[in-house]
> 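The structure is given below, and queries will be raised subsequently.
Along the sequence shown, residues are numbered consecutively beginning with 1. Basis for what follows: all heavy atoms, side chains included, without hydrogens, waters or symmetry-related copies.
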Amino acid sequence: QVQLVESGGGLVQAGGSLRLSCAASGIIFSSHTMGWFRQAPGKEREVVAAVSWRNTRKYYGDSVKGRFAISRDNAVNTVYLQMSSLKAEDTAVYYCAAGRVDVTTTRPDEYAYWGQGTQVTVSS
C-alpha cells in the first residue's frame with residue numbers, strides 16, 4: 001500500500017519560513033519523480049516544485065522561484081520543501097505527489113500517488 005504523509009504545515013507570518021516533509025512508503029521511492037502541489041480555495045491545484053528521482057533536476061513554478069527549494073533524501077524516502085519569504089498568496093493546502101514523470105510535468109493527473117495534504121497559512 002502506497003502512503004505519502006506530509007508534515008510541517010502551519011501558520012506563519014508573511015516573510016517567514018516553513019519546511020514541509022513528505023515521507024513515502026510502499027513505492028520504490030528512488031525511481032519516482034517527487035512533486036509538491038498546492039491548492040487554494042476556489043483555485044485549481046498547481047505545481048509548486050518537482051525533483052527528479054536522481055535529485056539531479058528540479059523544476060519550480062514561476063510564483064515560487066527563488067523563494068522555495070525542493071530536495072529529497074532517497075536513503076530515508078523523504079522529500080522536502082523549504083519555503084522562505086512566504087507571502088499571503090502562498091496560503092493553500094500543500095500536497096506531495098509521486099510519479100514516473102518528467103520533472104517539468106505540471107498536470108496533477110499525471111502523478112500516480114498523492115498524500116493527504118497539509119495546510120499552510122500565511123498571515124499578512
> Closest heavy-atom contact between Tyr60 and Ala49?
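Tyr60 and Ala49 have their closest heavy atoms at CD2-CB, 3.6 Å.
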> Give the intermediate values and the outcome of side chain to side chain contact (heavy atoms under 4.5 Å, CB included) for residues Arg38 and Val64.
CA-CA 11 Å; Arg38 67 186 182 187; Val64 306; 3.9 Å; yes
> Donor-acceptor pair, distance only, cut-off 3.5 Å: does the side chain of Tyr95 make one with the backbone of Glu6?
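Checked: no pair found.
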> Tell me if a side-chain donor or acceptor on Thr56 pairs with a main-chain N or O of Arg54 at a distance below 3.5 Å.
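Absent.
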> Which pair of non-hydrogen atoms, one from Asn55 and one from Val51, has the smallest distance, and what is that distance?
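Closest approach of Asn55 to Val51, heavy atoms only: OD1-CG2, 3.1 Å.
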> For the atom pair OG (Ser25) and CD1 (Ile27), what is the distance rounded to the nearest 0.5 Å?
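Answer for the OG-CD1 pair, Ser25 versus Ile27, is 8.0 Å.
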> Quick one: closest heavy-atom pair of Leu18 and Val12, and the distance?
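Here Leu18 and Val12 meet closest at CD1-CG1, 4.0 Å.
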> Transitively linked via ILVMFWY side-chain contacts under 4.5 Å: Val120 with Leu4?
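Val120 clusters together with Leu4.
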> Is there a side-chain contact between Arg100 and His32, using heavy atoms and a 4.5 Å cut-off?
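They are in side-chain contact.
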> Measure up the Phe68 and Tyr94 rings against each other and bin them: parallel (under 30°), tilted (30 to 60°), perpendicular (over 60°).
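Geometry flag for Tyr94 against Phe68: tilted rings.
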> Are side-chain heavy atoms of Arg67 and Asp90 found at a separation under 4.5 Å?
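Yes, close enough: below the 4.5 Å cut-off.
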> Quick check for you: to the nearest 0.5 Å, what is the distance between Asp73 atom CG and Ser30 atom OG?
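It comes to 11.5 Å.
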> Side-chain heavy atoms under 4.5 angstrom apart, residues restricted to Ile, Leu, Val, Met, Phe, Trp, Tyr: same cluster for Tyr59 and Trp114?
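Same hydrophobic cluster.
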> Which atom names give the shortest non-hydrogen contact between Asn74 and Phe29, and what distance separates them?
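Taking Asn74 first and Phe29 second, the nearest heavy atoms are OD1-CE2, 3.1 Å.
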> Which residue, Thr33, Asp102, Thr104, forms the side-chain hydrogen bond (donor to acceptor under 3.5 Å, both in side chains) with Arg57?
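Of Thr33, Asp102, Thr104, side-chain hydrogen bond (donor to acceptor under 3.5 Å, both in side chains) with Arg57 is met by Asp102 alone.
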> Treating Ile, Leu, Val, Met, Phe, Trp and Tyr as nodes and any side-chain heavy-atom pair under 4.5 angstrom as an edge, say whether Tyr113 and Leu81 lie in one connected cluster.
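Same cluster: Tyr113 reaches Leu81 through Ile, Leu, Val, Met, Phe, Trp or Tyr contacts under 4.5 Å.
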> Could you see if Val79 belongs to whatever hydrophobic cluster contains Trp53? Use Ile, Leu, Val, Met, Phe, Trp, Tyr and a side-chain cutoff under 4.5 Å.
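Cluster IDs for Val79 and Trp53 differ.
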> Supply the atom-to-atom distance Gln82 CD to Leu20 CG, rounded to the nearest 0.5 angstrom.
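Here the interatomic distance stands at 9.0 Å.
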> Using side-chain heavy atoms (C-beta onward) and a distance below 4.5 Å, is Gln119 in contact with Thr91?
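In short, these two side chains touch, coming nearer than 4.5 Å.
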> Report the distance from atom OH of Tyr80 to atom OG of Ser71, rounding to the nearest 0.5 Å.
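That separation rounds to 7.0 Å.
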> Would Val93 end up clustered with Val47 when hydrophobic side chains under 4.5 Å apart are linked, directly or stepwise?
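Yes, because Val93 and Val47 connect within a single hydrophobic cluster, where side-chain heavy atoms sit under 4.5 Å apart.
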> Could you tell me which non-hydrogen atom of Ser124 sits nearest to which non-hydrogen atom of Ala14, and how far apart they are?
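For Ser124 versus Ala14, the nearest heavy atoms are CA-CB, 4.2 Å.
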> Find out whether Trp36 and Met83 are in side-chain contact, i.e. whether some heavy atom of one side chain is under 4.5 Å from a heavy atom of the other.
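No; the side chains remain at least 4.5 Å from each other.
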> Which atom names give the shortest non-hydrogen contact between Arg72 and Ser52, and what distance separates them?
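Closest approach of Arg72 to Ser52: NH1-O, 3.0 Å.
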> Verify the neighbour count for atom CD1 of Ile28: are there more than 12 heavy atoms of other residues, nucleotides or ligands below 6.0 Å?
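Not more than 12 within 6.0 Å, no.
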